[in-house]
Number of protein chains: 2
Amino acid sequence: MGERYLKSIRLLAECMQGFERLSGEHVRQCGLTHAQFDIIATLGNTPGMPYKELGDKTLITKGTLTGVIERLEQKGLVERERSLDDKRSWFIRLTPRGEQLFREVFPRVVSLGAAVFSGYGDDDFAALEKTLSGLKQVITAGGA
Amino acid sequence: MGERYLKSIRLLAECMQGFERLSGEHVRQCGLTHAQFDIIATLGNTPGMPYKELGDKTLITKGTLTGVIERLEQKGLVERERSLDDKRSWFIRLTPRGEQLFREVFPRVVSLGAAVFSGYGDDDFAALEKTLSGLKQVITAGGA
DNA sequence: TATTGTTATACTCTATAACTATA
DNA sequence: TATAGTTATAGAGTATAACAATA
């Protein structure tokens, strides 16, 4: 009785795993690892963000993040700029080439989604968004 | 217009990330890595399954799986048995100690869930299960 | 010939802790 | 003292390909 949510969690995990199975191939094809794509996707469509914030959003610890950013920098996909306010801090953003990759890869992953959701109507999306929003809220509230 | 599902995918990813953030600590505390917990959780509450099936379910490729299973075997948490039907194949199951760990760790992760979902009623669960089931169906159909 | 699982390789991620520079 | 990020270390996951045994 107290474990009904287990079914939901299992479903949630299966959905994510299914989506990763679909998208993973495209991610690898463009020469990115999972962690690297995570960074690119997080920086995409933003003006960039502080190093710290990037680590918090992607759940990558600072020691690891240094290496991941370094490899993306070597590939010319992201760039770092020292913050003026706080000289300890760095601001990370996609380079034009990084932006280009984001715009190439994301739509490819996205087109998979488009096919998957071709049968979804407005009501279906509304229901999905509503339930997931609620779920997100209780989950993140529990962590804070 | 054709990209409305992006919002749902983002929500889905955020929910999973939130849940991993909550559960990750407990997983690590019992000395398991993410991949190892994935195996334990997949084998839990089953009589075991062939090596191949385990790899398919966890998305761990065969070369990697050998190492992960090896480390779990060294810890005395899983055991392998040669299949009688097909001598190339192995059957993997939790040892009694592995079962015990599963029963200790899973409830701890589960108790987090119980707190998170304390405000959910029958209708909330029904809605969540319905939308996620539909999502799972279209995602896995697209992959097959 | 195809499939199951192992081995080998090279690289990436990971947690952790000690460290530097700035606040 | 505290925080942002780097460096060092040891272990684990990852893709890939070549390989053995079996089907």
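None of the values given here were measured: they were computed from a predicted structure. Note on naming: letters A, B, ... go to the chains in the order of the sequence lines (proteins, then strands), and numbering restarts at 1 for each one.
When the side-chain hydrogen bond (donor to acceptor under 3.5 Å, both in side chains) test is applied to Lys87(A), no partner is found at least two apart in sequence or on another chain. Looking at residues two or more places apart in sequence or on another chain, you find a side-chain contact (heavy atoms from CB on, under 4.5 Å) between Asp124(A) and Tyr120(A). Scored by the side-chain contact (heavy atoms from CB on, under 4.5 Å) test, Asn45(B) finds Phe102(B), Arg103(B) as partners (sequence neighbours excluded). Considering only residues two or more places apart in sequence or on other chains, Glu53(B) meets the side-chain contact (heavy atoms from CB on, under 4.5 Å) condition with Met49(B), Pro50(B), Lys57(B). Judged as a side-chain hydrogen bond (donor to acceptor under 3.5 Å, both in side chains), and not counting sequence neighbours, the contacts of Arg93(B) are Glu81(B). Residues forming a side-chain contact (heavy atoms from CB on, under 4.5 Å) with Lys130(A) (at least two apart in sequence, or on another chain): none. Remark: Arg97(B) engages no residue in a salt bridge (charged side-chain N to carboxylate O under 4.0 Å, His left out) (not counting sequence neighbours).
Looking at heavy-atom distances under 4.0 Å, Thr66(A) makes contact with a base. Among the atoms of the strands shown, only primed sugar atoms or phosphate atoms (P, OP1, OP2) are found under 4.0 Å from some heavy atom of Lys87(B).
In this structure, Trp90(A) CH2 and Glu79(A) CD are separated by 11.5 Å, a value rounded to the nearest 0.5 Å.
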(message) Apply side chain to side chain donor-acceptor pair (under 3.5 Å) to residues Thr131(B) and Thr131(A) and explain how you reach the verdict.
(response) CA-CA 7 Å; Thr131(B) 52; Thr131(A) 52; 3.0 Å; yes
Between the protein and nucleotides 8-15 of chain D, list every N/O to N/O distance that falls short of 3.5 Å.
from    : atom 1 : to       : atom 2 : distance (Å)
dG13(D) : OP1    : Thr33(B) : OG1    : 2.6
dG13(D) : OP2    : Arg71(B) : NE     : 2.7
dG13(D) : OP2    : Arg71(B) : NH2    : 2.4
dA15(D) : OP2    : Thr61(B) : OG1    : 3.0

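Nucleotides of DNA chain C with any atom under 4.0 Å from a heavy atom of chain A span, from 5' to 3', dT12(C) to dA23(C).
Of all non-hydrogen atoms in Thr33(B) and Val27(B), the two that sit nearest each other are O-CG1, 3.9 Å. Nearest heavy atoms, Gly48(A) versus Leu43(A): CA-CD2, 4.3 Å.
Residues of residues 50-58 of chain A having a heavy atom closer than 4.0 Å to DNA chain D, listed by number: Tyr51(A), Lys52(A). Contacts between residues 79-86 of chain A and DNA chain C, counted as heavy-atom distances below 4.0 Å, involve Asp85(A), Asp86(A).
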Ignoring hydrogens and angles, write down the donor-acceptor pairs under 3.5 Å from the side chains of residues 62-69 of chain B, residues two or more places apart or on other chains.
from     : atom 1 : to       : atom 2 : distance (Å)
Thr64(B) : OG1    : Thr61(B) : OG1    : 3.3
Thr66(B) : OG1    : Tyr51(B) : OH     : 2.8
Thr66(B) : OG1    : Lys62(B) : O      : 3.3

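By the criterion of side-chain heavy atoms lying less than 4.5 angstrom apart, applied directly or through intervening Ile, Leu, Val, Met, Phe, Trp or Tyr residues, Phe125(B) is grouped together with Leu128(A) in one hydrophobic cluster.
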